[in-house]
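Some notes on the structure that comes next.
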There are 4 protein chains.
Amino acid sequence: MSSQMSSAAAKPRAPQRERGRARVAALLAAATAVIAESGYEAATMTEIAARAGASIGSLYQFFPTKELIADALHQENGEDLARMLAGLGVRVAGKPSAALADALFDDLSGFLNSHPAFIALAGRRNIDAKRKKQMRRLLRGQIAALLAQADPPVPAKRADILAVIVLHLIQTAVTIAGEVDLPNRAAVLDDLRLMLRRHMAAA
Amino acid sequence: MSSQMSSAAAKPRAPQRERGRARVAALLAAATAVIAESGYEAATMTEIAARAGASIGSLYQFFPTKELIADALHQENGEDLARMLAGLGVRVAGKPSAALADALFDDLSGFLNSHPAFIALAGRRNIDAKRKKQMRRLLRGQIAALLAQADPPVPAKRADILAVIVLHLIQTAVTIAGEVDLPNRAAVLDDLRLMLRRHMAAA
Amino acid sequence: MSSQMSSAAAKPRAPQRERGRARVAALLAAATAVIAESGYEAATMTEIAARAGASIGSLYQFFPTKELIADALHQENGEDLARMLAGLGVRVAGKPSAALADALFDDLSGFLNSHPAFIALAGRRNIDAKRKKQMRRLLRGQIAALLAQADPPVPAKRADILAVIVLHLIQTAVTIAGEVDLPNRAAVLDDLRLMLRRHMAAA
Amino acid sequence: MSSQMSSAAAKPRAPQRERGRARVAALLAAATAVIAESGYEAATMTEIAARAGASIGSLYQFFPTKELIADALHQENGEDLARMLAGLGVRVAGKPSAALADALFDDLSGFLNSHPAFIALAGRRNIDAKRKKQMRRLLRGQIAALLAQADPPVPAKRADILAVIVLHLIQTAVTIAGEVDLPNRAAVLDDLRLMLRRHMAAA
DNA sequence: TATGAATGAGAGTTCATTCAT
DNA sequence: CATGAATGAACTCTCATTCAT
C-alpha cells in the first residue's frame, strides 16, 4: 500500500498530555513556516517534522495526513482571524465607514503578515470545500456585521457585498506588499487603501 | 548517462516542419487545460502529453523541461495580452477615465477567461524571476500609457500606481467569478467594477 | 514537488538502528555485485535494491543518489586497501625489494579479486575528482613507504615512481586474469610478476 | 547543406557515392570525438549526428545501431593499428629487442593518442566477443612476429607472452599520460618504458 | 536518401504513508 | 507515544530506435 486515500474519517488525534500539546504546537509552527516558504504542494512532511524537531512517525501520530495538517492550520488561523475581527468590532463600533475601512485594512494586513501560511492555505485547490465555505461565510458575516454597526450603518445587502470585496482586497494588498521588485509599492498600497475607503464611504 | 544537470540554458526546440508546429500548438493547448485545472505543480507531463494525443517523448522533444512549457505558455499568454491591450488603446484613446476603466475591466476579464492558465502561471513560485519581472513591467507600462491618453490624461505617477491596481483588481474579479458558492457573485462583480471606475475617475 | 536541484552537498544518511546498519551493508554488497558485473553506468538502482532484497525507497533512504552509493563503495574499498597495505608493511619490512614485489603483486591481486567493483569505480568518469585524487595519493604514499623500508631501501624519488607503476601493473594483472580466452594466461601473469620484480630489484 | 548542383551530367551516381563516403567518414570522426570525450555508454546517437552535421535519420541510415558504430570504429582503428605495426616491422626488422621495445612503446603510444576512442572501445563490456577476440589475436600475432625478427630473435613462446604484455603496458602508459594530477608523470612514463626495455632485453 | 518528428521502455528520484521496535 | 526504517506508486526526463514525408 501507500499513497493517499486515508480512510475517510481520519482526524487529528487530540494530544492528551502537556507534552503532546507542545509538540502539536511545534508541528503547526513548523508547518506554517514550511508552507509559507514553499507553498502547500512543495511542503514535505519530512521537512515539517524535521523543522519541529520531531520524527516523521511522531508527526503522523498527530496528523495522519498532510491534508489534516493543512486543515488544522487553516482552522486555527481562521479562529485567530475571527477573534481578531471580534476585537476590532468592539473598538470601531459606531465609527464612520471610512474609519472602519482603514481599521480593517490595517488589522487584516497585520493578520496576514503574522499568519504567513493563511493565503497559501485558503487559496489551495482540493481543499475540503465544505470547511472552506463555512469559514468564508463566517468571516464575511463578521465583516458584514461590522459594517452594519458603522455610522451611518451600511444596509445588509450592501454589507454582504462589501465584505467579499474587503476580504479580497486585503489579500491583494498583502500580495503587493510581497512584490519586492515594485518600485512604488508603498504608494500603491496607500492608493489601494484610499480606494477602499472611498468606496466604503460612498453612499 | 542519467540524471540531470540543471544546465540553466535549455530552450524549447523550435519545430521545423508543419507537423511539428501543429504538435507544439496541441501541446501548449493541452498544457493550458491541465495547468488551469490543477495548477502548475499538480500538472504532470504525462497528462499533458496524453491530453495532446502525443507520446511523452514527443512532448519532451519540444519542451525539454516542465519549466520550459510553463515559460512558453506564460510568454505566449503575455504576448496575447500585450496585443489585446494595444488594440484596446486604439479603441479608447481620448475617452474619459471611467469609460477606460470599464473597458479595461471587461477586456482583461475576458482575456483571463480565455487564457485560463495565465493566473496559475503568473503566480507560480520559482518562475524565472527576470522574465516575469520584465513582463509585468511591460504590462504595467501599457496600461499606464492607456491612462495617459485618457481625457483628461492621468498624470504619469498616478498612472503607474493605477496600473498595478488595475492588474490585481482584474485578477481578483476573475477569482471571484470562479467562486461558484458565492450567492451574490454578480452583484459583487458589479460593485468591484464600480469601485475601480470611481477610483479612476476621482481627481 | 518534483525534479532535481543538483544540490551538490547530499550525503548518505547514516543508519541509526541495527536494522538500518544491516540494510546498508546489504545494499553495499549488492551494489558491489551489480557494478562489478555491469560497470557503474549500466548498473541500475532498481537492480541494486532488488539484489539487496530492499525496496527502491529503502535504497534511496540511505543513498540519495546513485553517485553516493558509488562514492561510499569507493571509499570503503579504499579503506580496506589501505588497511591491507598497512598489514603488508608490517610483514615485509626489511625484506629485499624482490620479495616486496612478489608480496605486493599477490596481495594487491587478491584485494582486487575480493573487491570486484574497485576497478570499475576507480576508473569511472565524472567521479568526484577531489576524493579520487586524495585516495590515489594516499595509496601511492603507502606503497612508497613500503619501498622505503625495503633492504636496501628504495630512495624516495624512485619509490614514488615505482608506486604508480605497481598500482597500474596490478590492475593490468587483474585485467589479464579476467581474459578467459587467453591461452597462455598463467604464463603471462608469471612473466608480468617477473618483470615487476626484476625492475624493482634493479639498482 | 544547401544545393551545390555539382553533379556533372557524366557521372550522376559518382557524387552520391562520394558524398556517402564523406558522410560516413564524418560520422565516424564525430563518433570518435564523442566517445573519446564521454565514453561509449554516455555517447548519444543524437550528439554524434549533430557533431557530424548530419540528422539523426541520416546517421541511422549508415549505422542502424549504436553497436554497429562502435564495431565499425573498432574495426577501422584495428586496421590502422595493423598497418602501423606492419610499417614498424619493416623499419625495425633485425634490430635488437631493446630498440624494438622503444619503437613499440613510442609508436603504440602515438597510435592511441591519435585514436582516442580506441581504449574506450576495446575495453567496452558487451562488445561483440568474437570480433574482439579475433582482433586481439591478430595484433598479438603481429607483435609476436616483430619480436621473432629481432636480433637475437625472441623464441615463439616467449614472443607470444611478451606481445600480451606490450599491449597492456602501452595502454597503461596512455592512461598514465592522461592523469593530469600526477606530479611526476614524465618520470613515471620513462620508467615504464625502461621497465619494458629491460624485460624484453633480458634473456 | 535526407530530415526531423514520434515512440516508449526504462532510469533516477521523491514523498506520503505505514510498520516494527 | 516516539523513532526511524520500509514501501511503492508516481513523476520527470533520456535516448535508442522507428516512421513519415
Side-chain angles (χ1 to χ4, degrees), chain A residues 1-6 13 15-17 19-20 23 41-47 49 54-67, chain B residues 1-5 10 13 15-24 41-47 49 54-67, chain C residues 1-5 10 13 15-24 41-47 49 54-67, chain D residues 1 16 19-20 23 41-47 49 54-67:
Chain A
M1 307 306 97
S2 66
S3 299
Q4 50 280 113
M5 195 90 324
S6 61
R13 281 206 35 176
Q16 316 211 339
R17 307 217 185 125
R19 208 165 121 208
R23 179 134 277 191
E41 312 250 1
T44 75
M45 295 298 267
T46 305
E47 169 77 3
S55 69
I56 182 71
S58 199
L59 170 53
Y60 269 88
Q61 212 110 41
F62 293 105
F63 301 99
T65 286
K66 195 181 170 186
E67 274 272 1
Chain B
M1 229 209 317
S2 63
S3 297
Q4 45 279 116
M5 194 98 303
R13 218 176 60 82
Q16 315 197 351
R17 294 249 235 271
E18 190 45 39
R19 197 176 176 191
R21 256 174 303 258
R23 254 289 132 93
V24 165
E41 312 252 0
T44 77
M45 295 298 266
T46 307
E47 170 76 6
S55 69
I56 185 67
S58 232
L59 170 52
Y60 272 92
Q61 194 118 50
F62 295 107
F63 301 101
T65 325
K66 193 181 168 187
E67 276 259 19
Chain C
M1 229 209 323
S2 62
S3 297
Q4 46 278 117
M5 195 97 303
R13 219 177 60 80
Q16 315 196 353
R17 294 248 235 272
E18 191 45 39
R19 199 175 174 191
R21 255 175 304 256
R23 257 283 132 96
V24 165
E41 313 253 357
T44 78
M45 294 299 265
T46 307
E47 169 76 7
S55 69
I56 185 68
S58 231
L59 169 53
Y60 272 91
Q61 194 116 49
F62 295 107
F63 301 100
T65 331
K66 193 180 170 189
E67 275 258 19
Chain D
M1 303 310 88
Q16 289 193 2
R19 219 167 106 202
R23 179 135 277 191
E41 312 251 359
T44 76
M45 295 298 267
T46 305
E47 169 78 3
S55 68
I56 182 72
S58 199
L59 170 53
Y60 270 88
Q61 213 109 43
F62 293 104
F63 301 99
T65 286
K66 194 180 171 189
E67 274 272 0

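Scope of the values below: all heavy atoms of this structure, side chains included, with no hydrogens, waters or symmetry mates. A note on names: the letters A, B, ... follow the listed sequences, proteins ahead of strands, and every chain is numbered from 1.
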Original post:
How is Ala43(A) classified with respect to the nucleic acid when contacts are heavy atoms under 4.0 Å: base, sugar-phosphate, or nothing?
Top reply: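 Sugar-phosphate contact only.
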Original post:
Just checking Ser58(D): base, sugar-phosphate only, or nothing, at a heavy-atom cut-off of under 4.0 Å?
Top reply: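 Base, at least one base atom sits under 4.0 Å.
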Identify the two heavy atoms, one from [X] and one from [Y], that lie closest to each other, and give their separation to 0.1 Å.
X        : Y        : value
Leu59(D) : Met45(D) : CD2-O, 3.3 Å
Ile56(A) : Thr46(A) : CD1-N, 3.9 Å
Glu41(B) : Lys66(B) : O-NZ, 3.1 Å

Original post:
Which sits closer to the 5' end of DNA chain E, Phe63(C) or Ala54(B), going by the nucleotide each is nearest to?
Top reply: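 Its nearest nucleotide lies further toward 5', so the answer is Ala54(B).
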Original post:
DNA chain F in dot-bracket, Watson-Crick or G-U pairs under 3.5 Å, [ ] crossing, | other strand?
Top reply: .||||||||||||||||||||
Original post:
Quick one: on DNA chain F, does Leu59(A) or Arg23(C) contact a more 5' nucleotide (nearest heavy atom)?
Top reply: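 Final value for this comparison: Leu59(A).
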Subject >> Protein-nucleotide distance (Gln61(A), atom CD; dG4(F), atom P), rounded to Å >> reply: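 Rounded to whole Å, this separation is 13 Å.
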**OP:** Measure from CD on Glu41(D) to C1' on dA16(F) and round the result to the nearest Å.
**Re:**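 To the nearest whole Å, that distance equals 13 Å.
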With a 3.5 Å cut-off and sequence neighbours excluded, list the donor-acceptor pairs that the side chains of residues 17-24 of chain C form with protein atoms.
unit_1: Glu18(C); atom_1: OE1; unit_2: Arg21(C); atom_2: NE; d: 3.3
unit_1: Arg23(C); atom_1: NH1; unit_2: Ser58(C); atom_2: OG; d: 3.2
unit_1: Arg23(C); atom_1: NH2; unit_2: Gly53(C); atom_2: O; d: 3.1

Original post:
Between atom OG1 of Thr65(D) and atom CZ of Phe63(D), what is the distance when rounded to the nearest 0.5 Å?
Top reply: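 So the OG1 of Thr65(D) and the CZ of Phe63(D) are separated by 11.0 Å.
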Original post:
What distance do Gln61(A) atom CD and Ser55(A) atom OG have between them, rounded to the nearest 0.5 Å?
Top reply: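 Gln61(A) CD to Ser55(A) OG: 8.0 Å, rounded to 0.5 Å.
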At a cut-off of 3.5 Å, list every protein nitrogen or oxygen paired with a nitrogen or oxygen from nucleotides 17-21 of chain F, distance to 0.1 Å.
unit_1: dT17(F); atom_1: OP2; unit_2: Tyr60(D); atom_2: OH; d: 3.3
unit_1: dT17(F); atom_1: OP2; unit_2: Lys66(D); atom_2: N; d: 2.9

